[in-house]
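Throughout, a chain's letter reflects where its sequence line sits, starting with A, and its residues are numbered from 1.
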There are 2 protein chains.
Amino acid sequence: MAGQANKKADADTSPAGTDITDAVDFEIIELFFFAYRDFTSDPDVILEKRGFGRAHHRVLHFVDREPGMTVADLLDTLRITKQSLARVLKQLIDSGYIHQVAGPEDRRQRKLYTTKEGKTLARALAEPQSRRIAEALAKTGPGARDTIKRFLAGMKTAEEN
Amino acid sequence: MAGQANKKADADTSPAGTDITDAVDFEIIELFFFAYRDFTSDPDVILEKRGFGRAHHRVLHFVDREPGMTVADLLDTLRITKQSLARVLKQLIDSGYIHQVAGPEDRRQRKLYTTKEGKTLARALAEPQSRRIAEALAKTGPGARDTIKRFLAGMKTAEEN
DNA sequence: ACAATATGTCAGCTATGTTGACATATTTTT
DNA sequence: AAAAATATGTCAACATAGCTGACATATTGT
């Protein structure tokens, strides 16, 4: 009884039917909304102290996780525009959390790295989120982590390239 | 190396103490980010046609799901301020997607309901999200839905009242 | 040389969040 | 009945983080 709800198909429009097809999964939709709402609010307290917002968090996070990534990589990951990124990135650089290095092959590129302070902040921001995840997984039961991973990966739009 | 990574373990690095605690679950953090990013982008196309944004979607969704909810209920659910809500709610009312009724017991209240058009739009917006969920669940495997439900519920901050 | 690319920056707009103050109608308390 | 509290609406002003389009600079590729 697991994998059949995605059939939707049936063009019949059953007159007396209105069977499965119509079922919209409001329950998961809402749970997902509340889960993400609270998950993202965890680091807000820390960010506010530094005068940063969630946009800074995302940039710092990905640069920390993928050292040496370029501005173009970041734009692609975050799916925002150059100007939106420029603002927060500049602030992170000016504040000493991220630094740039001209690409060794292509010197037009700016490879991005977190500084020591950047790493510390990135870790501090990830920590409460990680704790929330660990607690939720623990409550869910053994083996949950693998299921969650697969589900979340499946929710992401597949990349073409 | 699949389902045991939630014990954080590794332990090394630490001289004698600080073992478990340090591991931060970057993997789930990122998967959650990408999953939500793409999940919320589904309805954007439909919203744009009507000149609405995600804020309108959230209001419409909850009013549709809980007919008769008051403005105060909505503020509590969305965790935004009265003024933020007022803007989008007014637009939804003016456009004929939501209507208000003075509370029968307490006539200061404005009970909110979706109109026929509102229900239709709410359904149209939920549909692609629901499809995405169904597909992700199907790929995840049988029994996944219950695990996901428990996990997402666990990610939400518990309410005091 | 010329074209393309990676990045930076300027100006201005929009959506959605915020605060604080105040008005109105209604209900509750004194 | 008068006063206080509550639910909602609204005004003004502001902040953050998206967006577009245009253009400048350095560098690389043809």
Side-chain angles (χ1 to χ4, degrees), chain A residues 33 36-37 40-41 43-45 47-63 68-95 98-113, chain B residues 33 36-38 40-41 43-63 68-95 98-113:
Chain A
F33 168 76
Y36 198 76
R37 181 194 66 181
T40 51
S41 77
D44 285 353
V45 190
L47 288 163
E48 207 176 6
K49 286 180 202 155
R50 309 280 212 300
F52 290 152
R54 288 177 188 175
H56 300 88
H57 182 188
R58 292 193 284 271
V59 170
L60 185 65
H61 171 88
F62 285 109
V63 171
M69 79 190 302
T70 65
V71 171
D73 293 335
L74 206 38
L75 289 176
D76 191 59
T77 300
L78 300 174
R79 303 265 171 88
I80 59 175
T81 58
K82 195 167 46 156
Q83 184 60 289
S84 291
L85 174 58
R87 259 186 314 235
V88 296
L89 182 55
K90 192 172 191 310
Q91 291 174 299
L92 286 166
I93 291 168
D94 291 349
S95 310
I98 287 179
H99 67 107
Q100 297 174 309
V101 178
E105 322 277 278
D106 185 338
R107 282 164 43 216
R108 287 171 304 184
Q109 293 182 337
R110 297 288 175 269
K111 296 194 142 253
L112 305 170
Y113 299 89
Chain B
F33 168 76
Y36 198 75
R37 180 195 66 181
D38 294 346
T40 51
S41 77
D44 284 354
V45 190
I46 303 168
L47 288 164
E48 209 175 6
K49 285 181 205 156
R50 311 282 214 295
F52 291 151
R54 288 176 188 177
H56 301 86
H57 182 187
R58 292 193 286 273
V59 170
L60 184 65
H61 171 88
F62 285 109
V63 171
M69 79 190 303
T70 66
V71 170
D73 293 336
L74 206 38
L75 289 175
D76 192 59
T77 300
L78 300 174
R79 302 266 170 89
I80 58 175
T81 57
K82 195 167 45 158
Q83 185 60 286
S84 290
L85 174 58
R87 258 187 314 237
V88 295
L89 182 54
K90 192 171 190 309
Q91 292 174 300
L92 286 166
I93 291 168
D94 292 348
S95 310
I98 288 180
H99 67 106
Q100 298 174 308
V101 178
E105 321 277 277
D106 186 339
R107 280 163 46 215
R108 290 170 303 182
Q109 293 181 338
R110 295 289 176 270
K111 296 193 143 255
L112 304 170
Y113 299 89

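The CD atom of B/Gln91 sits 14 Å away from the C1' atom of C/dG17 (whole-angstrom rounding). Between B/Lys90 atom NZ and D/dT8 atom P there is a gap of 17 Å when expressed in whole angstrom units. The CG-P distance, from B/Leu92 to D/dG9, rounds to 13 Å in whole Å. Between B/Arg54 atom CZ and D/dG18 atom P the separation is 10 Å, expressed in whole Å. In this entry the distance linking CD of B/Glu48 with P of D/dT20 reads 10 Å, nearest Å. Atom-to-atom, CZ of B/Arg58 to C1' of C/dT16 comes out at 8 Å; the value is rounded to the nearest Å. When rounded to the nearest whole Å, the span between CD of B/Gln83 and P of C/dA23 equals 16 Å. The separation between B/His57 atom NE2 and C/dA15 atom C1' is 16 Å, rounded to whole Å.
Counting atom types as modelled, B/Lys82 pairs a side-chain N or O with a base atom of D/dG9 as donor and acceptor under 3.5 Å.
The minimum heavy-atom distance between B/Lys111 and B/Gly68, with the atom names listed, is NZ-O, 3.1 Å. In plain terms, the two heavy atoms of A/Leu74 and A/Val63 that are nearest each other are CD2-CG2, 3.8 Å. Taking all atoms of both residues into account, the shortest heavy-atom contact from B/Arg107 to B/Arg110 is O-NH1, 3.2 Å.
A close approach under 4.0 Å does not occur between any side-chain nitrogen or oxygen of B/Ser84 and OP1 or OP2 of C/dT16. Contact check, B/His56 against C/dT16: a side-chain N or O comes under 4.0 Å of OP1 or OP2. Side-chain nitrogen and oxygen atoms of A/Thr81 include at least one within less than 4.0 Å of the OP1 or OP2 phosphate oxygen of D/dC19.
In the set D/dT10, D/dC19, C/dT9, the nucleotide with an atom closest to the side chain of B/Ala86 is D/dT10. For B/Ala72, whose side chain is taken as the heavy atoms from C-beta onward, the closest listed nucleotide among C/dT9, C/dT16, D/dT8 is D/dT8. Among the nucleotides D/dG18, C/dT18, C/dT9, the one closest to any side-chain atom of B/Ile80 is C/dT18.
Between B/His56 and B/Phe52, the angle of the ring planes stays under 30°, which puts this pair in the parallel group of the 30/60° scheme.
Residues of residues 100-112 of chain B having a heavy atom closer than 4.0 Å to DNA chain D, listed by number: B/Gln100, B/Arg108, B/Gln109, B/Arg110.
In this structure, CG in A/Leu92 is found 11.0 Å from NE2 in A/His57, a value given to the nearest 0.5 Å.
Under the 3.5 Å distance criterion, with hydrogens and angles disregarded, no donor-acceptor pair is assigned to the side chains of B/Asp38 and B/Ser41.
Proximity of a side-chain donor or acceptor of A/Asp73 to a complementary backbone N or O of A/Thr70 within less than 3.5 Å is detected.
Residue whose closest nucleotide on DNA chain C sits further toward the 5' end, between B/Arg87 and A/Ile93: A/Ile93.
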